[in-house]
There are 2 protein chains.
Amino acid sequence: MFNEVDKSYPIELVADFLGINSRTLYYYEKFHLVCPLRRGRKRYYSKEDINWLEYVRELMYEQGMNLRSIIILIKRRDAVILDRCPEDVVLCYKNYLARKENGNKTME
Amino acid sequence: MFNEVDKSYPIELVADFLGINSRTLYYYEKFHLVCPLRRGRKRYYSKEDINWLEYVRELMYEQGMNLRSIIILIKRRDAVILDRCPEDVVLCYKNYLARKENGNKTME
DNA sequence: AATATAATTTACATTTAAGTGAAAAATATT
DNA sequence: AATATTTTTCACTTAAATGTAAATTATATT
């Protein structure tokens, strides 16, 4: 039906599937750990996003990593992380950094 | 006088130099982040240890990494980390893992 | 357009890792 | 042996991560 990268799963479904609160997904988004499609204000996630989020959970809960470390490894283009991290997350993060560099003080 | 790897600096001196509590160095040791020489019960650190600890502080405080992530990267033989991490820390950690694997339940 | 519904955002509470202080225990020194 | 120094243990503090619930905003429906 859907391929890996089609963003079609709404946030509640993803949260339920991962066994976490949707609040956590908003939180991750603030740190650019995931990059859902916005249609209006609604968010849609791909199968690839879900796999990635599962891996993030594993890194955090089984291995004890924190959010920022995962971000740092994305930025650093760490092979192990990049292998699992969706291309668009990397791109979004790059854009975010570029915007910040260009003196955009109005953003977080 | 001393070379990079001679373990000759006592804990208080290292703590003062790094501007941290010596208690924190004991804490790091529990996580195998550093591997001082024990002469009797006293601990001695090398110049290399001090440089490494300075880098660890930077990762944690400037970049926002946590302890466990640094450990994971040592285990994973991450190039960036290994570049800064003393050889003996890597070895000690390896030994620690080996001992744990071999069913030594009496250790942490 | 007013109302209902659903998603998002905000605010606050809880939990756990990281770090620290102080007391107790162990060891070394005079 | 008495004193000083280092280590260990226990308990507390602080901040990140995330849950809960209320407030806000958007969208759909009548």
Gap between atoms CD1 and P, on A/Ile11 and D/dG19 respectively (whole Å): 12 Å

Separation of C/dG19 P from B/Leu53 CG (nearest whole Å): 11 Å

N/O (side chain, A/Tyr27) to phosphate O (OP1/OP2, C/dT10) under 4.0 Å: no

Sugar-phosphate, base or nothing in reach of B/Arg39, heavy atoms under 4.0 Å: nothing

Given C/dT8, C/dA18, D/dG19, the nucleotide with the shortest approach to the side chain of A/Ile20: D/dG19

Gap between atoms NZ and P, on A/Lys30 and D/dA16 respectively (whole Å): 12 Å

Rounded distance in Å - CG (B/Leu25) to P (C/dG21): 13 Å

Short side-chain N/O contact from B/Thr24 to OP1 or OP2 of C/dG19, under 4.0 Å: no

Short side-chain N/O contact from A/Tyr61 to OP1 or OP2 of D/dT18, under 4.0 Å: yes

Length of the line joining B/Tyr28:OH and C/dA17:C1', which is rounded to integer Å: 12 Å

Short side-chain N/O contact from A/Arg38 to OP1 or OP2 of D/dA26, under 4.0 Å: no

Whether B/Tyr55 and B/Trp52 hold their rings parallel, tilted or perpendicular, with breakpoints at 30° and 60°: tilted

Ionic contact status for B/Asp78 with A/Arg76, cut-off 4.0 Å: yes

Proximal nucleotide (of C/dT27, C/dA18, C/dT8) relative to the B/Arg41 side chain: C/dT27

Stacked cation flag A/Arg38 on A/Tyr44, 6.0 angstrom / 45 deg: no

Nearest-nucleotide pick for A/Asn66, side chain only, options being D/dA17, D/dT8, C/dA17: D/dA17

Per A/Arg43 side chain, nearest of listed nucleotides C/dT20, D/dT8, C/dT9: C/dT9

N/O donor-acceptor pair under 3.5 Å between B/Asn66 side chain and A/Gly64 backbone: yes

Nearest-nucleotide comparison on DNA chain D, the residue closer to the 5′ end among A/Gly40 and B/Ser22: B/Ser22

Toward the 5' end of DNA chain D, by each residue's nearest nucleotide, B/Glu12 or A/Asn21: B/Glu12

N/O donor-acceptor pair under 3.5 Å between A/Asn51 side chain and A/Glu48 backbone: no

Presence of donor-acceptor pair under 3.5 Å, side chain of B/Arg23 and base of D/dT9: yes

Nucleotide D/dA17, atom C1' - distance to CG of A/Leu33 in whole Å: 12 Å

Contact under 4.0 Å: B/Tyr26 side-chain N or O vs C/dT20 OP1/OP2: no

Pair B/Glu62 + B/Arg57: basic N to acidic O under 4.0 Å: no

Integer-rounded Å distance: D/dT18 C1' and A/Leu18 CG: 14 Å

Distance, rounded to the nearest Å, where A/Glu29 contributes CD and C/dA7 contributes C1': 12 Å

B/Lys42 or B/Arg68, whichever maps to the more 5' nucleotide of DNA chain C: B/Arg68

